[in-house]
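A quick write-up on the structure given underneath.
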Amino acid sequence: MRRIVIALAAVSLAAIGLLGPGRSLLPVSTQPARALATAAPDAAAATHAGHDAVSTPAARPAIVPPADGARVIVTTRSATKVEQGYVIETRIVSPDGKPVNEALVRFYDLVDFFGPREELIGSARTDGQGNAAITYLPASLGQSEIVVRFAGQGSLVPSVGTATFEATVAAPPYRSDQPGLLSFTRLVPYAAGAILLAVWGLIAFALFATARGIAVRAGPKTAKEDAA
Amino acid sequence: MDARTHDSYVERAMWPIGRGDRKFWFSVVVLSALVAAGLYAYVYQVQRGLWVTGLNQKVSWGFYIINCVFFIGISYGGAMTSAILRLTNAKWRAPLTRIAEATAVAALLVGAIYPIIDLGRPDRFLYVIQYAQVGSPIVWDLVAISTYMLASLVFLYLPLIPDLATTRDTMRPSFLRRIYGALALGWRGTIGQERTLQRGIAVMAVLIIPLAVSVHSVLAWLFAVTVRGGWHSTIFAPLFVLAAMLSGVAAVIIVVAVFRKVYGLQQFITRKHFRYLSYLLIALGMGYLYFMVSEYLTEGYVLDADTTPVLEAIFIGAYAPAFWSFTIGGLLFPLALAALPGRFLIGRVCFASGLVIAGMWLKRFLIVVPGMAEPMMPWDWGRYAPTWVEVTITVGTAAAIPLILILFFRFFPVMSVHEMEEVEGAPEPRHAALVPSYASGGDE
């Protein structure tokens with residue numbers, strides 16, 4: 001009974017863990033917020049803030065910050081260490097020119113994955129000067145378009161800024177066939193086959209050796225049997 | 001042992017062989033009708049396709065996979081009970097091992113056909129062999145189940161050899177007697193034959209344990225190697241193994257009780273056997289409870305995005321009635337019922353075993369269906385409700401197990417006479433020996 005009580009307590013703990021404060025019972029969506037506004041593609045060049053504006057491909061809807069929103073200034077530069085890639089910096093300034101402190105900003109890379117999509121690459125909070133930065137190592141070389149989204153704060157409405165840079169450093173391609181792992185996985189079928197053969201061999205041995213032994217040793221009866 | 005005791009063993013174990021009374025024929029007709037109904041439902045499904053079942057694009061595993069895991073689990077319990085009792089040299093095992101081994105084979109035969117039923121088109125089963133990939137859990141499953149089936153059949157056959165010889169010797173010359181003679185391999189009970197047989201049984205008893213563990217581990221990995229919430233668990237394999245042993249021991253208890261009553265074996269299978277089996281049931285049940293709590297505690301505390309919807313559905317959502325019915329009615333209550341001292345031990349243990357079996361089926365349902373129904377993308381849940389086809393096939397295959405057992409024990413002795421004679425007079429070991437005496441070739 002004591003064990004049962006302890007077990008029940010453990011189940012209750014699990015339930016508390018499930019329902020406890022600060023825990024959501026519903027799955028949290030990790031999808032980035034959609035573009036705040038879209039406009040005709042040819043308007044794109046004029047809407048970029050901060051960095052040198054480069055027009056987006058015609059297929060992509062342009063990202064337009066709201067007219068009355070904070071300014072999101074985005075700049076990029078190479079990181080001190082080459083393997084770190086690039087530093088993407090942003091500065092959030094209110095319409096009246098004051099830096100926005102403690103604002104949450106999210107950084108996205110515009111990628112083509114069954115159409116243009118924003119891939120979340122990081123998030124940060126602005127400091128007292130309204131600055132926030134992340135380091136980013138793109139997955140491929142070539143042009144990268146970065147979108148920085150400011151979620152809004154107090155009376156400030158959400159806003160967005162973009163920047164484009166030419167990536168000359170990228171993350172090494174992921175290889176599923178790592179040499180060490182590959183040589184190991186190549187051995188697995190042989191090892192599995194050997195184990196299987198050994199097991200079948202043992203079963204066959206138990207059956208046939210027993211059958212043969214019984215057939216061969218059907219000699220004189222035991223003393224026990226004779227007595228019976 | 002004197003000749004009188006030998007004769008009483010032989011008489012009790014072998015009187016039903018070749019005979020069929022009214023109860024027997026009634027049972028065979030009823031069970032055959034249920035099996036035929038299941039067969040009809042299966043033919044109906046093959047003709048029309050899987051759309052006649054409740055399976056759908058989201059919940060593509062339902063009753064069939066639940067039953068596959070459930071019946072193979074029962075088989076596992078039967079084989080393990082027999083193997084462990086043999087290896088620990090438990091004297092009280094003698095009248096039970098044959099029933100446990102036969103239950104294991106019957107349940108395995110039924111469980112192993114479910115992956116084919118689930119395929120919808122049985123001809124596609126050949127693809128598993130034709131296009132086998134070592135990395136595919138389905139191939140692991142095929143290999144593990146076929147190997148285990150082979151081992152279970154050999155494990156059933158070897159201890160049967162001396163009893164086949166006894167059956168042969170008690171029969172009048174006939175065609176059937178010649179078959180028994182061929183199967184008995186010329187057994188005469190010489191010392192050399194005894195040694196050879198005991199070595200063979202010892203090898204199989206040692207082998208059947210890892211084989212049975214591997215089969216149920218592979219079944220668990222079918223779920224655990226996916227990234228689905230509620231399935232992707234590192235303790236799924238031991239959890240499945242314990243669940244299988246628990247439901248298997250419960251099934252053995254019920255089968256033993258039924259054959260004891262019907263075949264009049266009360267003299268040989270006593271309250272003591274049920275008490276010992278109930279100890280096994282309680283120990284396994286507590287072990288299962290521990291594993292289950294451990295799994296839910298860790299998953300419930302972390303609450304990652306994949307697992308949370310499944311846990312919510314199981315604990316407080318749509319599947320909560322099934323989960324709490326299993327936890328209370330299928331685990332805690334039966335274990336308490338079996339553990340309590342007092343009267344009606346056999347009835348209580350059998351009732352508890354029935355609840356455990358029903359509970360373990362529900363638990364398999366709770367593993368398979370909510371895991372499948374969980375939305376992998378943030379939209380609606382899948383829904384699953386079995387149709388008459390799945391229910392009929394389930395009932396038909398479940399009826400096949402007692403039918404196989406009834407028919408089997410009409411041709412083969414229900415108790416191992418040889419083993420009972422062997423342990424007769426031998427002292428019960430003071431502690432369980434890991435290696436039995438026959439493993440080293442000695443006579444008991």
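Note on naming: letters A, B, ... go to the chains in the order of the sequence lines (proteins, then strands), and numbering restarts at 1 for each one.
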For A211(A), is it the side chain, the backbone, both or neither that has a heavy atom under 4.5 Å from a heavy atom of chain B? both
Select one option (side chain, backbone, both, neither) describing which atoms of L196(A) are under 4.5 Å from chain B's heavy atoms. side chain
Under 4.5 Å from any heavy atom of chain A, what part of [X] do you find: side chain, backbone, both or neither?
X	value
L185(B)	both
I208(B)	neither
L331(B)	neither
L158(B)	side chain
Y157(B)	side chain

For F315(B) and W324(B), take the angle between the two ring planes, folded into 0 to 90°, and tell me which bin it lands in: parallel under 30, tilted 30 to 60, perpendicular over 60.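 F315(B) vs W324(B) ring planes: tilted.
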Evaluate the ring planes of F165(A) and Y86(A), with Trp represented by its six-membered ring, and classify them as parallel (under 30°), tilted (30 to 60°) or perpendicular (over 60°). tilted
Report the residues that fulfil side-chain contact (heavy atoms from CB on, under 4.5 Å) with A339(B), sequence neighbours left out, ordered by chain and then residue number. I282(B)
Using a 4.5 Å cut-off on heavy atoms from C-beta on, say whether the side chain of V74(A) contacts that of F107(A).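 Answer no - side chains too far apart.
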With side-chain contact (heavy atoms from CB on, under 4.5 Å) as the test, pick out the partner of F323(B) among I316(B), L311(B), I314(B). I314(B)
Would you please name every residue forming a salt bridge (charged side-chain N to carboxylate O under 4.0 Å, His left out) with E89(A), sequence neighbours left out? R77(A)
